[in-house]
Amino acid sequence: MDLEGLGRAVDEAFAVTGVDTPPWPDPHPDGEVRDEEYSRCSEPEKYRVLAARADAWTQALSRLGLAEVETVTDPAGIWRRGPGVAVSGAVRLHPVRADAVPLVFGFSAIDEVARTVLVVGAGEPAVSLEQLPDCGCDACDSGSDGLLEAVDDLVVAVVSGTFVHVDAGEGREIVCTGDSWSASNWDGFGPPVEEALAAARAGRSPYRVVRGRAWER
């Protein structure tokens, strides 16, 4: 898969989809946070940059002939287990390659401002890979660069076939996006994470696994 070419296509689309959602720098370059910042989100609308990036990915993957786009009519009903936010809209990208898995963008709100939270998922039914931002308070704001990079990394992991999701139930799960992974409630439960991921990739996992091939041969 030509990831460089795909990235250029996304950036070209983002120049249009993101025209009204400018990036912003880290408001805490010195690391100092005031106590009152933990209880407010003074500019929730700026987080629409995440939806704009998802729109750019949607356009690029469709225009390159890698996926067909579905606007989901029941955005709350497409998840294996609901994300931690109320998803009011969603787009599902069905890869043209039959043995690849769909990519899902779900949209929620901060302080009732629509499309300011992005949930990236994969599979059908979808499993949630990450929610961005994970906290929208001013104290946790580190600028837009890290958020956009996280979106790109998640999408690339799905379309390149390198992501793995392992679900052992009761909130125990592993999300691997290629070179990095995160685990929830896994310590002291099952095999070491690397062993669990190896078993999942080899089709030997006793748990529920979502993974797929690269979208392009």
Side-chain angles (χ1 to χ4, degrees), residues 1-7 9-10 53-54 57-58 60-62 64-70 72 75 77-85 87 90-106 118-132 134 146-217:
M1 173 172 283
D2 179 11
L3 294 179
E4 289 188 6
L6 179 56
V10 173
R53 192 66 176 180
W57 272 105
T58 299
L61 291 167
S62 175
L64 291 172
L66 296 175
E68 296 180 355
V69 180
E70 173 196 3
V72 177
I78 62 172
W79 309 89
R80 177 191 293 172
R81 183 169 55 248
V85 293
V87 176
V91 172
R92 181 160 47 199
L93 285 78
H94 297 272
V96 173
R97 183 172 178 175
D99 53 356
V101 300
L103 170 69
V104 174
F105 293 124
L118 176 67
V119 181
V120 182
E124 197 170 359
V127 294
S128 175
L129 303 182
E130 192 164 349
Q131 170 191 315
L132 300 164
D134 58 353
L147 292 171
L148 296 176
E149 182 179 352
V151 174
D152 291 351
D153 288 348
L154 289 164
V155 177
V156 166
V158 174
V159 302
S160 65
T162 59
F163 99 99
V164 181
H165 184 277
V166 180
D167 183 357
E170 299 183 359
R172 302 183 181 99
E173 64 179 11
I174 305 169
V175 177
C176 177
T177 55
D179 295 331
S180 63
W181 55 260
S182 62
S184 301
N185 303 313
W186 199 269
D187 289 345
F189 163 69
V193 169
E194 294 293 351
E195 291 183 16
L197 288 172
R201 293 187 181 101
R204 297 184 283 101
S205 176
Y207 313 117
R208 290 193 291 186
V209 173
V210 178
R211 60 183 296 267
R213 302 287 186 181
W215 285 23
E216 184 178 59
R217 296 182 188 277

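Taking each heavy atom of Ala100 and Trp215 in turn, the nearest pair found is CB-CD1, 3.5 Å. Between Val10 and Ala60, the closest heavy-atom pair is CG2-CB, 3.8 Å. Considering all non-hydrogen atoms of both residues, Ser205 and Val166 come closest at OG-CG1, 4.4 Å. Across Arg211 and Arg201, no two heavy atoms sit closer than the pair NH1-O, 3.3 Å. The two residues Val210 and Ala122 come nearest to each other via the heavy atoms CG1-O, 4.2 Å. The minimum heavy-atom distance linking Ser128 with Val175 is given by the pair O-CG2, 4.5 Å.
In this structure, the side chains of Leu129 and His165 come closer than 4.5 Å at one or more pairs of heavy atoms. Counting heavy atoms from C-beta on, the side chains of Val159 and Leu66 never come closer than 4.5 Å. Inter-residue side-chain proximity for Trp57 and Asp152 is flagged as met; some heavy-atom pair is nearer than 4.5 Å. Residues Leu132 and Val151 form a side-chain contact, since some pair of their non-hydrogen atoms from C-beta on lies under 4.5 Å apart. Leu6 is listed as a side-chain neighbour of Leu61, based on a closest heavy-atom distance under 4.5 Å. The closest side-chain heavy-atom distance from Arg81 to Asp167 is below 4.5 Å.
Side-chain atoms of Trp186 come within 3.5 Å of backbone N or O of Pro191 as a donor-acceptor pair. Ser62 contributes no side-chain N or O that, together with a main-chain N or O of Thr58, makes up a donor-acceptor pair within less than 3.5 Å.
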key: Worked check of side chain to side chain contact (heavy atoms under 4.5 Å, CB included) between Asp153 and Thr177   = CA-CA 7 Å; Asp153 288 348; Thr177 55; 5.7 Å; no
task = Dump the intermediate steps for side chain to side chain contact (heavy atoms under 4.5 Å, CB included) on Val156 and Thr162, then the final yes or no.
result = CA-CA 8 Å; Val156 166; Thr162 59; 5.9 Å; no
request  = Output, in order, the C-alpha distance, side-chain angles, deciding distance and verdict of side chain to side chain contact (heavy atoms under 4.5 Å, CB included) for Val164 and Trp181.
outcome  = CA-CA 9 Å; Val164 181; Trp181 55 260; over 6 Å; no
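Summarising the local packing, CD of Glu70 is surrounded by more than 12 heavy atoms from other residues, nucleotides or ligands at distances under 6.0 Å. Few gaps surround CG on Asp2; more than 12 heavy atoms of other groups in view lie less than 6.0 Å from it.
Under the 30°/60° scheme for interplanar angles, the aromatic rings of Tyr207 and Phe189 are found to be tilted.
Applying side-chain contact (heavy atoms from CB on, under 4.5 Å) to Phe105 and the options Val87, Leu118, Val119 leaves one that passes, Leu118.
Taking Glu124 as the reference, Arg92 meet the salt bridge (Lys or Arg N to Asp or Glu O under 4.0 Å) condition, with sequence neighbours excluded.
We find that Arg80 and Glu173 are not joined by a salt bridge, their nearest charged nitrogen and carboxylate oxygen being 4.0 Å or further apart.
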